[in-house]
Amino acid sequence: MEIISTAHAHGGIQGVYRHASSATSTDMTFSVFVPAHASGDRLPVVWFLSGLSCTHANVTEKGEYRRLCAELGLILIAPDTSPRGEQVPDDPAGAYDFGHGAGFYVDATRSPFAAHYRMWTYITDELPRLIAAEFPADMGAQGIFGHSMGGHGALTIALGMPGRYRSVSAFAPIVAPTQVPWGRKALAGYLGDDEAVWRRHDAVAMIEDGARVPNLLVDQGMADQFLTEQLKPELLRAACDAAGIPLTLRMQPGYDHSYYFISTFMEDHLRWHAERLRG
């Protein structure tokens, strides 16, 4: 693991790191904030998964989470959203919603993407092992949240790995990618044309098929330009109601899809996770 940078913040250390990933066969970059703590202490972990076209840097620079993480004693990890590099295939048309920056947190099976786009394995297996080895992380107390495509990743990973994460939440998640243009493009491109396979990476479909989490917190801006066509939180509400999953869905008037929205409600989400991780 290579240290790219470290900086003191709110008594803790904000670092950016790079390592050679066996999952993606590329170098991968991620950031970690570690609050001040006593020697030997292990701290709860929250994972933040970012959205389309983002890297680890978006939330690291704009998320306004460090003061709360320091107060609550939470490590926050922000991975990248896809493998990158000249050897990694990208969207042929250069679109932002597929390829570099748009890994959709799946393990691709379709050529030429299968060789590198293995973000499910990277996020759920390889990077956690590295975090456990290199940081004072209590891997028995993990939460996960994210934004947009990252909200999709947080929901599907938590639903797909019952018991791994004590808490899950999301900002403006893509809740039903099999039913919206962003998701249908990505799932077909990475996984092929069998829509039955796609259901394993669709939060609404997973809930319909029996997957469960104890509860969910979702914030959605009502002025979000992607609300009607791409996000469709009403589908998650209906699925959770039918399954008996307690969902706190907060529709926030005036807020859009940006980090102004995320940073406004970041404190609520971190406190949600802290209550469950330290409870």
Side-chain angles (χ1 to χ4, degrees), residues 49-54 81-82 91 93 95-99 101-110 113 117 119-120 123-124 144-162 168-213 215-252 255-258 261-262:
L49 306 186
S50 292
L52 287 167
S53 78
C54 293
T81 50
S82 79
D91 186 284
Y96 74 95
D97 57 357
F98 189 78
F104 264 81
Y105 304 100
V106 304
D107 282 354
T109 56
R110 190 171 189 176
F113 304 101
Y117 285 81
M119 290 300 293
W120 180 282
I123 296 295
T124 66
I144 190 167
F145 67 145
H147 170 230
S148 193
M149 178 187 72
H152 142 77
L155 295 177
T156 56
I157 288 171
L159 287 162
M161 306 193 74
V168 57
S169 70
F171 299 98
I174 306 170
V175 302
T178 63
Q179 301 185 52
V180 301
W182 277 344
R184 293 187 65 82
K185 176 180 178 178
L187 296 176
Y190 293 133
L191 303 177
D193 297 328
D194 184 353
E195 296 193 20
V197 174
W198 300 1
R199 293 183 67 84
R200 297 197 293 269
H201 295 284
D202 179 306
V204 167
M206 293 173 76
I207 292 169
E208 291 173 348
D209 293 344
R212 298 290 183 268
V213 291
N215 44 49
L216 291 170
L217 170 64
V218 172
D219 274 300
Q220 172 64 62
M222 293 179 68
D224 190 320
Q225 66 269 40
F226 305 114
L227 175 59
T228 301
E229 183 180 21
Q230 304 283 10
L231 305 178
K232 298 184 180 295
E234 68 276 5
L235 298 179
L236 181 64
R237 186 196 300 276
C240 287
D241 286 348
I245 296 174
L247 167 65
T248 302
L249 174 59
R250 307 192 307 183
M251 302 298 295
Q252 303 290 2
Y255 285 92
D256 60 12
H257 202 68
S258 73
F261 159 61
I262 295 168

Strictly distance-based, threshold 3.5 Å: is any side-chain N or O of [X] a donor or acceptor partner for the main-chain N or O of [Y]?
| X | Y | value |
| --- | --- | --- |
| S82 | G101 | yes |
| R110 | L191 | no |
| D107 | W120 | yes |
| R212 | L159 | no |

Compare all side-chain heavy atoms of [X] with those of [Y] and state whether any distance is below 4.5 angstrom.
| X | Y | answer |
| --- | --- | --- |
| L249 | L236 | no |
| D209 | M206 | no |
| Y117 | V106 | no |
| M149 | P177 | no |

Examine [X] together with [Y] and report whether their ring centres are nearer than 6.0 Å.
| X | Y | answer |
| --- | --- | --- |
| H257 | H147 | yes |
| W182 | H152 | no |
| F113 | F104 | no |

Approximate separation, where rounding is to 0.5 Å, of [X] [atom1] and [Y] [atom2]:
| X | Y | atom1 | atom2 | result |
| --- | --- | --- | --- | --- |
| S169 | L216 | OG | CG | 8.5 Å |
| D256 | D224 | CG | CG | 7.0 Å |
| S148 | Q230 | OG | CD | 8.5 Å |
| I174 | L235 | CD1 | CG | 13.0 Å |
| I144 | I123 | CD1 | CD1 | 7.5 Å |
| L231 | E229 | CG | CD | 9.5 Å |

Could you go step by step and tell me if R250 and V218 meet the side chain to side chain contact (heavy atoms under 4.5 Å, CB included) rule? CA-CA 6 Å; R250 307 192 307 183; V218 172; over 6 Å; no
Shortest non-hydrogen separation from G51 to T81 and the atoms involved: O-CG2, 3.6 Å
